[in-house]
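Structure first, then comments.
When reading the values below, keep in mind they use all heavy atoms of this one structure, side chains included, and skip hydrogens, waters and symmetry mates.
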Amino acid sequence: MKNIRRIISMVMLSIMIIMGAVPVEANAATNLTVHFIDVGQGDAILVQYGKNYSLIDTGVEKKYSQLNTYLKKINVKKITNLVVTHPDADHMGGADLVIKNYGVKNIYMTKYTSNSGEYKELIAAIKKYKVKRSNVSRGAKINLGGIKAEVLSADAKASDSNDSSIVLKLVHGKKSFLFTGDISAKLEKQIASKYNVNVDVLKVSHHGSNYSSAVSFIKETSPEYSVLSVGKNNNYGHPDKTVNNRLKKYSKNVVRTDQKGTIVITSNGKKLTYKNVPTKSSSSSSNSSSSGSSSSSSSSSSSAAVGNYVYVTPTGSKYHKKACGRGTFTKTTIKNAKARKLTACSKCF
């Protein structure tokens, strides 16, 4: 009788698994490799699971060639899934080019919008290349080529773009990764109160600014690797010195793209292996960054303008970078802008 009951139980469990009633973790027999690609002051994270590739953010458009070079170097021909955590230029500036050149089939976003040129180019590329768009919310699961990531936050009604970020947790066997976009310390606290954020790999929020990475959150995560995606000698002072020391206290390893180049962490489900790929052009960094930084320094506005061109509005007193999104822009030379006695936008420069 006991044997019959055991057999019935096993059959019922098998049926439940097939029907999806019981969650099944990703097959740890397939290695998971996460590439934190050096794109200067921005995020671009390639998730490689078997022969499938997904990309979380793309960095600024100016650094697309650096992203493209790395993808070609490791023989990536197709990126099936693209996650745009939030519509800031340093996270999605190259998204339209990734869609065009890598045959993206699915894109995951929120309904949070932007008036920037990059965002408009992204929306146009989604339509032109018939990419399936999914607007995600907290609790959703995103399929990243055979492995599913859980959405811990995705707030389309957030007060700013940073806190609209899609936050993902990826579990592979006994190892886990947390991708935080640019969320604030306030949102970190909310997420930690609802979810287990004790992970093995943490993508540090907002490039290590003191806007994020509260003591309680970093202590709670206590990762083996804290990864900072940041531009060398950037104009924002990232990572903040206090935050960097905090990460060192509660992480076994703190690794930075401005120092190491692209950071590659592989999980076999039981342990992690690490390597880095130096970037030849890593000495230069983009000046673009998400809003909300509380640690910044001034820079020369003329040298920061790409190709000596800037963007102006019909009645404004400032000139901008293309990514700013503070109005309807007209492209002009920085010389003409200064002749009109316009000054640099404090958000852009």
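For the side-chain hydrogen bond (donor to acceptor under 3.5 Å, both in side chains) test, residues two or more places apart in sequence or in another chain that qualify with Asn106 are Asn81. For Thr221, there are no side-chain hydrogen bond (donor to acceptor under 3.5 Å, both in side chains) partners at least two apart in sequence or on another chain. Shown here are the ring-ring contact (aromatic ring centres under 6.0 Å, His included) partners of Tyr225, two or more places apart in sequence or in another chain: Tyr274. Listed by chain and number, the residues in a side-chain hydrogen bond (donor to acceptor under 3.5 Å, both in side chains) with Thr80 amount to none (sequence neighbours excluded). With sequence neighbours left out, Ala154 forms a side-chain contact (heavy atoms from CB on, under 4.5 Å) with Thr110, Val136, Val151, Ile166. Not counting sequence neighbours, Thr58 has no partner by the side-chain hydrogen bond (donor to acceptor under 3.5 Å, both in side chains) test. Scored by the side-chain contact (heavy atoms from CB on, under 4.5 Å) test, Asn244 finds Leu228, Pro239, Lys248, Val254, Arg256 as partners (sequence neighbours excluded).
No donor-acceptor contact under 3.5 angstrom links the side chains of Asn143 and Lys141, judged on distance only.
The stretch residues 220-229 participates, sequence neighbours left out, in no salt bridge (Lys or Arg N to Asp or Glu O under 4.0 Å) pair at all. Applying the salt bridge (Lys or Arg N to Asp or Glu O under 4.0 Å) test to residues at least two apart or on different chains, the pairs with a partner in residues 43-60 are Asp43-Lys203. Within the structure, ring-ring contact (aromatic ring centres under 6.0 Å, His included) pairs that include any residue of residues 54-75 comprise His35-Tyr70 (at least two apart or interchain). Applying the salt bridge (Lys or Arg N to Asp or Glu O under 4.0 Å) test to every pair with at least one member in residues 185-202, sequence neighbours left out, gives these pairs: Lys175-Asp200. Applying the ring-ring contact (aromatic ring centres under 6.0 Å, His included) definition to pairs two or more places apart or across chains, none involves residues 120-150.
Within the 3.5 Å criterion, the main-chain N or O of Ser65 finds no donor-acceptor partner in the side chain of Asn68. Under a 3.5 Å cut-off, the side chain of Ser165 and the backbone N or O of Val167 do not form any donor-acceptor pair. In this structure a side-chain-to-backbone donor-acceptor pair under 3.5 Å is missing from Ser184 to Tyr211. No donor-acceptor pair closer than 3.5 Å links the side chain of Lys157 to the backbone N or O of Ser164. For the pair Arg246 (side chain) and Ser213 (backbone), a donor-acceptor distance under 3.5 Å is present. Side chain of Thr180 to backbone of Ser205: a donor-acceptor contact under 3.5 angstrom is found. A donor-acceptor pair is defined here as one N or O able to donate and one able to accept, closer than 3.5 Å; no such pair exists between the side chain of Glu118 and the backbone of Gly93. Between the Asn234 side chain and the Gly237 main chain, a donor and an acceptor come within less than 3.5 Å of each other. Checked by atom type and distance alone, the side chain of Gln66 pairs as donor or acceptor with a backbone atom of Asp38 at under 3.5 Å. Within the 3.5 Å criterion, the main-chain N or O of Gly145 finds a donor-acceptor partner in the side chain of Asn52.
The distance from the CD1 atom of Ile263 to the OG atom of Ser229 is 8.0 Å, given to the nearest 0.5 Å. Taking CG of Asp240 as the reference point, atom CG of Asn245 lies at 9.0 Å (rounded to 0.5 Å). A distance of 5.0 Å separates CD1 of Ile45 from CD1 of Ile56, quoted to the nearest 0.5 Å. Atom OG in Ser153 sits 6.5 Å away from atom CD1 in Ile183 (nearest 0.5 Å). Taking NZ of Lys252 as the start and CG of Leu272 as the end, the distance is 9.5 Å to the nearest 0.5 Å. The distance from atom NE2 of His172 to atom OH of Tyr49, rounded to the nearest 0.5 Å, is 5.0 Å.
Clustering ILVMFWY residues whenever any of their side-chain heavy atoms sit less than 4.5 angstrom apart, transitively, puts Phe179 in the very cluster that holds Val227. A continuous path of Ile, Leu, Val, Met, Phe, Trp and Tyr side chains, each step under 4.5 Å between heavy atoms, connects Leu247 with Val199, placing both in one hydrophobic cluster. Following chains of ILVMFWY side-chain contacts shorter than 4.5 Å, one cannot reach Tyr195 starting from Leu168, and the two form parts of different hydrophobic clusters. Residues Tyr119 and Tyr112 do not share a hydrophobic cluster, clusters being chains of Ile/Leu/Val/Met/Phe/Trp/Tyr side chains in contact below 4.5 Å. Cluster annotation: Leu55 is connected to Val39 through the hydrophobic network of ILVMFWY side chains, with a link wherever side-chain heavy atoms come within less than 4.5 Å.
When side chains are defined from C-beta on, Ile191 counts as touching Val197, because their heavy atoms get closer than 4.5 Å. In this structure the side chain of Asn268 reaches within 4.5 angstrom of the side chain of Lys271, judged on heavy atoms. Taking the side chain as every heavy atom from C-beta outward, Val277 and Ile37 never approach each other to under 4.5 Å. Contact of the Ile126 side chain with the Ile99 side chain is registered, since non-hydrogen atoms from C-beta on lie closer than 4.5 Å. Considering only heavy atoms from C-beta on, Leu32 stays 4.5 Å or farther from Thr266 through its side chain. Looking at heavy atoms from C-beta onward, Asp90 lies in side-chain contact with Asp182 at the 4.5 angstrom threshold.
Counting heavy-atom neighbours within 6.0 Å of Lys105 NZ, excluding the residue itself, gives a total of 12 or less. Surrounding NZ of Lys78 are more than 12 heavy atoms belonging to other residues, nucleotides or ligands, all under 6.0 Å away.
When Val34, Val76, Thr33, Leu67 are each tested for a side-chain contact (heavy atoms from CB on, under 4.5 Å) with Leu46, only one passes: Val76. In summary, of the residues considered (Asn135, Thr85, Val83), a side-chain contact (heavy atoms from CB on, under 4.5 Å) with Tyr108 occurs for Val83 alone.
Between His207 and His238, the angle of the ring planes stays under 30°, which puts this pair in the parallel group of the 30/60° scheme.
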